[in-house]
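Below is one structure, written out as structure tokens; comments come after it.
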Amino acid sequence: MKTSVLVVGGGLAGTSAAMFLAWRGVAVTLVEKHPGSSPHPRAVGFNARVGELLRAVGLEAELPPSQVTKGFGVRRVRAESLIGKKYDETFWSPPAQLSDVEYSPCKGVALAQDRMEPILRDKARELGADIRMSTRMLEFSQDDDGVAAIVQGDGEPYEIRADYLIAADGHRSPIREALGIGRTGRGYMHTSRSVLFRASLDEYLKDGVGQFLIDDVGFLTTYGDGRWVLMLEDREYDEAELRQKIFQAIGRDDLDVEIITTGRWTISAAVADQFSKGRILLAGDAAHTLPPSRGGFGANVGIEDAHNLAWKLAAVLNGESRPSLLDTYDAERRPVALLCHQQIFARNDGHNRDGEPVDAPLYDNNAMHYGVLYRSAAVLGAGPELPPAQLPEQWHGQPGTRAPHAWIEPGRSTLDLFQRGWVLVADHPQWEEAATPLGVQYERIEQLEVFGLSEKGASLVRPDGYIAWRSVDLPDDPAGALAAAFRTSSAGTR
Ligand SMILES: Cc1cc2nc3c(=O)[nH]c(=O)nc-3n(C[C@H](O)[C@H](O)[C@H](O)COP(=O)(O)OP(=O)(O)OC[C@H]3O[C@@H](n4cnc5c(N)ncnc54)[C@H](O)[C@@H]3O)c2cc1C
């Protein structure tokens, strides 16, 4: 069979890629060797930037009300037990800067991975993606014209041919290994055991603390849906011992506890040395394995990879952009992964027990979520002198950063203007005349100040909501300036 994009791996990154591609009208097939999501979730915290991406595809209403509020504000304490004595609260570093700036129309979402994945999978299917569970990719090859993979479901192996392949096959990524792509980073850190259990303990969550470093036991946290996970040191435990550890962590042994499953996790940190090779692009943990010691970088960064890739693949496949646009994927996303890696080890947070913090500047959590900078051929005017991340109000509409949020009217954000195609925001008729012949959507807005523009300026926003270029004032030849910027940043064929 033939498809435009074959995605290997149906975790959060691969499923997001299939969903974002299908949303853009790209023919996409996903193969996942397992029949469904793992009964033991890993990720639970999805940041508001991911919320924005899900809002754009119409998923916001399907997500439960958030428990994660400003920033990434999951509170932690060291404790004798869940019900016992609490010691000092251990704060995430740097301490959240609680400014009055509202960064996003969305909130973070606390939802266990095994609940989030089916929501994304159903949406991908609804949008037309061909999702094949219980189907394993056995081998693959590529040449100048495309990719061929042999896959197997219930029956005989068969071939799928595609123009491009997204390797979202997890941290061990057999595809990355077969391509001979090396990795950089701290590498193996430690191995943890976990026990996932159900118990009625919500009454102990009332003061807003959801993470507990329990003396002599381990790390206890909740998925917010009646399920809890206790992380333990790596050794064999029989069921009686697991129950004893759970009761010790809770500080009571007189309640019903249902053990759901156990897990064993290799915690490591490594970033692939290249995010693509020929027609194969790595996404998610295949591209970067980031330890959950400071939660929120792993799955979130993988979903953002998928989003970055989707519009580029769509533009190349429909002939609007030259294939060189795909080179900007590595140029934009690999530095972000390396920055996350650096930030994890610059903080001495959570159960980051693997050595002293490295000496590097700490970027605010909101800067990491809303303010990373892309420097690539798809961005004009983002020079090497700029920092890799800042808060949106510090960037002030800098090309290479996510377009800022401002309310246009109640319930409608500037961000709601973006993510389909190329958009020019401005408030001057000459810009409308410049945009229309290029097929760039013109959006007249009054909130030019948050984009760092004068009342005669304009910002060109890419289909992923990142600013490609801006003209702070009206140049002599707006049509010529915009056409040149659009052609360059989109690797346009016209
Ligand atoms: C304990 C723990 C807690 C975490 N908490 C968080 C958190 O709160 N927030 C966060 O952002 N991140 C968190 N993470 C990290 C997060 O879970 C991962 O980054 C994320 O799940 C990776 O998604 P992925 O789709 O890239 O890879 P995976 O989820 O590993 O998916 C890869 C998929 O590829 C499939 N596959 C592999 N080879 C083939 C093949 N040949 N054919 C078909 N299918 C194949 C596999 O079956 C698998 O389903 C946590 C991680 C751990 C270990």
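Start at 1 and go down the list; that is how both ligands and their atoms are numbered.
The N/O atoms of E117, backbone and side chain alike, include none that comes under 3.5 Å of an N/O atom in ligand 1. Ligand 1 has an N or O atom lying under 3.5 Å from an N or O atom of V44, backbone or side chain. Checked by distance only, ligand 1 and P174 stay at 3.5 Å or farther apart across all their nitrogen or oxygen atoms. Close N/O approach between Q113 and ligand 1 is found [any backbone or side-chain N/O within under 3.5 Å]. Polar contact with ligand 1: present for D285 (N/O pair, distance under 3.5 Å). Close N/O approach between A283 and ligand 1 is not found [any backbone or side-chain N/O within under 3.5 Å]. Distances between N or O atoms of L12 and those of ligand 1 include at least one value under 3.5 Å.
Relative to the six-membered ring of W395, R402 misses at least one condition, a distance below 6.0 Å or an angle of at most 45° to the axis. In this structure, R227 fails the cation-pi test against F197, since its NZ or CZ atom is not both closer than 6.0 Å to the six-membered ring centre and inside 45 degrees of the ring normal.
Listed by atom number, the atoms of ligand 1 under 4.0 Å from A168 heavy atoms are 32 (C), 33 (C), 34 (O). Residue contact check: H34 has heavy atoms under 4.0 Å from atoms 47 (O) of ligand 1. Within the listing of ligand 1, atoms 27 (O), 30 (O), 32 (C) sit less than 4.0 angstrom from a heavy atom of G170. Within ligand 1, counting atoms from 1 as listed, the ones closer than 4.0 Å to a heavy atom of V31 are 43 (C), 44 (N). Residue G284 has at least one heavy-atom neighbour below 4.0 Å for each of these atoms of ligand 1: 26 (O). Under a 4.0 Å criterion applied to the non-hydrogen atoms of T135, ligand 1 contributes the atoms 43 (C). Residue G9 approaches ligand 1 through these ligand atoms, each under 4.0 Å from one of its heavy atoms: 33 (C), 34 (O), 35 (C). Each of the atoms 8 (O), 9 (N), 11 (O) of ligand 1 lies under 4.0 Å from some heavy atom of G45.
A 4.5 Å side-chain heavy-atom check between R462 and F418 finds every atom pair outside the cut-off.
Ligand 1 is never approached by R172 to a heavy-atom distance shorter than 4.0 Å.
Under 4.0 Å is where a charged nitrogen must lie from a carboxylate oxygen, and between E89 and R75 at least one such pair does.
Looking at K277, its side chain does come within 3.5 Å of a backbone N or O of L179 through a donor-acceptor pair. In this structure, Y370 contributes its side chain and A403 its backbone to no donor-acceptor pair below 3.5 Å. T414 contributes a side-chain N or O that, together with a main-chain N or O of P404, makes up a donor-acceptor pair within less than 3.5 Å.
Ring to ring, Y374 and Y466 are close: their centroids are under 6.0 angstrom apart. Taking the six-membered ring for Trp and the full ring otherwise, the centers of W265 and H40 sit less than 6.0 Å from each other.
Around atom 25 (O) of ligand 1, the closest heavy atom drawn from P291, A13, P292 belongs to A13. Between M137, M133, H288, E32, it is M137 that holds the heavy atom closest to atom 41 (N) of ligand 1.
A side-chain donor-acceptor contact under 3.5 Å links S173 and D169.
Classified by interplanar angle (parallel below 30°, tilted 30° to 60°, perpendicular above 60°), the ring pair H288/F275 is tilted.
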